[in-house]
Amino acid sequence: MSSVSTDIPIHADGETVFPDTVWEEEVAFIDRIPRPIAMIGILIVFIAVWQGLTSFGIVSRIILPTPWETAKDIVFVGKNLFSGGYMLEAFWMTTKAVLMGFVYALIFGFSLGILVGETSFGERAVLPYLVAIDTMPKVAFAPLFLAWLGFGIASKVALAAFIATFPIVVAVAAGLHAADDNACMLFRTMGATRWQTLFKMKLPTGLPHIFTGLKIAAVGVMAGAITAEFLGGGNGFGELIRVAASQLNTPRVFSLILYLSLLGFALFWSVVWLERRLVFWHSSTVSGINK
Amino acid sequence: MTLAAQKAAAVQADLKGRPVYQLRGVSKHYAHGHIKALDTIDLTLREGTFSSVIGPSGCGKSTLLKIMAGLVSPTRGSVVLEGKPVTGARRDIGMMFQQATLFPWRTTVENILLPIEVRDGRAAAKAARGAAEELLNTVGLKGFEDVYPTQLSGGMAQRAAICRMLVTKPSVLLLDEPFSALDELARDFMNIELQRICLERNATAFLVTHSIPEAVFLSDIVYVMSSRPGQFVETIEIDLPRPRTVEMLVDPAFGQYVNRIRNRLDKGAFV
Ligand SMILES: Nc1ncnc2c1ncn2[C@@H]1O[C@H](COP(=O)(O)OP(=O)(O)O)[C@@H](O)[C@H]1O
Ligand SMILES: [Mg+2]
């Protein structure tokens, strides 16, 4: 700008006049778009591309339904769900499998995590086995669980819990190692028992790590339950999806996935909510997803 | 016994008072003897005295403190506290570190009451709240009881850590560079606070520090430690009246003590 080289004006009586140097800091245009508008904009673009793909026949209707067909089916499935139809029953079945799987994963995850993180026995003798199992594709165990536990809900709970346990074990063990030496020494000079040190210091210190694991587990537990339902039938939402897909009823598949994602969202956000209550003191709690 | 150790024993014998801590021939090796951290340390701390140890980093000062507190075992030697051999962590010790180590999920007063909560349970901690508030008051933290530690400055956090150390009324204070993370102004203030507290309670204190003026200001005896393996190479009795004041920092006698220790450190403690 031209003002850069201009000298500061000096008054007749020799006094310098200092100009205001309040100026606007530059923000890129794309970052100035308000969040609601940005989010709706992305949705509109997404639907427009989708509409384009179907109406110009780039992708076959059998594979990809139009947005309108999908919307109609979403309403249809929603009506069934909210009027307590068979879909609600299936939804409830899957919810039960997911929640029970999560509870079992919490129990096993914390027990094993504390064993591995707190004892040298656990770290040296148990951890290698856990790492070995963790590297296997856990979904491949689904047929085993079906053979052992049958086609009822138990096999779904088992696979869901199996998948979700490992991230919790790892996170709890890592969390327990987060305590620093001075904190441990302090507790020893206070004469604290092992349990007091664990519950009053090590677990709280590890909560930021632990919640990272719980969020991964919350996603994994859904995947486990649905995979088991795909492979092992039953009366859950996974079975509805499988049937709809086998009938090439793609709008139905889309709308079922949409409602299923609500379950995943609810679980994930419950964990995030709890994290905010318990780990209010840690900077990472400002997770950025919903500031 | 080395000449220096004999001298140390002589100085201690001159001082009156009941021995609180007695260390005899304490050595510590790490890594199967490959690292010799401490070599035959003899030390007697008498009731109500303030002693400091000063020496290059890595010479085993923290190790010495951990052995005294019963947190690690010596490789050789004997540690006796209040007439009882130290073979594990002891509750009658108060400790402080360079970091305040306040727990961020507890308010300041909850942090201070933690030792009581651990020892006697939650109800006892609740009952002792008044005492904790009084302690906070004496270090100038009145009104910060229910504030979380993330909102405290470094100096304030260290003052809260002092309160936590004192809340169980320990007979001995072991201080591992407690103020070395603070700025100079906060540090002077903390030194005066610490002196007041120790005089008030007739506490027996042992301080590890890197600051020669700090050691001289606070101590009755300063031990100069050599680099690894750590040994006391000089024992200096500080004969300045108490309570010591900031004005004394510019006193020629104070300067002489500082110079003497500095010369000793230059001469060989770092070799
Ligand atoms: N747990 C340990 N294992 C092995 N070496 C250690 C251990 N703790 C301390 N050391 C070594 O012992 C020496 C003394 O350490 P430390 O007492 O912390 O020194 P200072 O506090 O004087 O700086 C250092 O060389 C350090 O590397
Ligand atoms: Mg140290």
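Throughout, a chain's letter reflects where its sequence line sits, starting with A, and its residues are numbered from 1. Below, all heavy atoms of this structure are taken into account, side chains as well, without hydrogens, waters or symmetry copies.
Ranked by heavy-atom pairs under 4.5 Å with chain B, the list A:A183, A:G191, A:C184 is led by A:G191.
In this structure, A:R188 contributes its side chain and B:A89 its backbone to no donor-acceptor pair below 3.5 Å.
More than 12 non-hydrogen atoms from other residues, nucleotides or ligands lie less than 6.0 angstrom from CG of B:D183. Within 6.0 Å of OH on A:Y259 lie more than 12 heavy atoms contributed by other residues, nucleotides or ligands. More than 12 heavy atoms of other residues, nucleotides or ligands shown are found within 6.0 angstrom of OH on B:Y30.
Listed by chain and number, the residues in a salt bridge (Lys or Arg N to Asp or Glu O under 4.0 Å) with B:E200 are B:R196 (sequence neighbours excluded).
Side-chain atoms of B:E117 and A:K200, non-hydrogen and from C-beta on, do get closer than 4.5 Å to each other. Proximity of A:F187 to B:V118: side-chain heavy atoms (C-beta onward) are separated by under 4.5 Å at one or more points. Looking at B:L114 and A:M190, their side chains come closer than 4.5 Å, going by heavy atoms from C-beta outward.
For chain B, the nearby parts of A:T205 are the backbone and the side chain; heavy atoms of each come within less than 4.5 Å. Residue contact with chain A, scored on non-hydrogen atoms closer than 4.5 Å, involves the backbone of B:R90 exclusively.
Of residues 94-107 of chain B, those residues with a non-hydrogen atom less than 4.5 Å from any non-hydrogen atom of chain A are, in numerical order, B:M95, B:F97, B:Q99, B:T101, B:F103, B:P104, B:W105, B:R106. Chain A is approached within less than 4.5 Å, heavy atom to heavy atom, by B:R122 from residues 122-146 of chain B, ordered by number.
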Distance-only donor-acceptor hits, side chain of residues 68-85 of chain B, under 3.5 Å, sequence neighbours excluded:
unit_1 : atom_1 : unit_2 : atom_2 : d
B:T75  : OG1    : B:H29  : N      : 2.7
B:E82  : OE1    : B:R18  : NH1    : 2.9
B:E82  : OE2    : B:S171 : OG     : 3.2

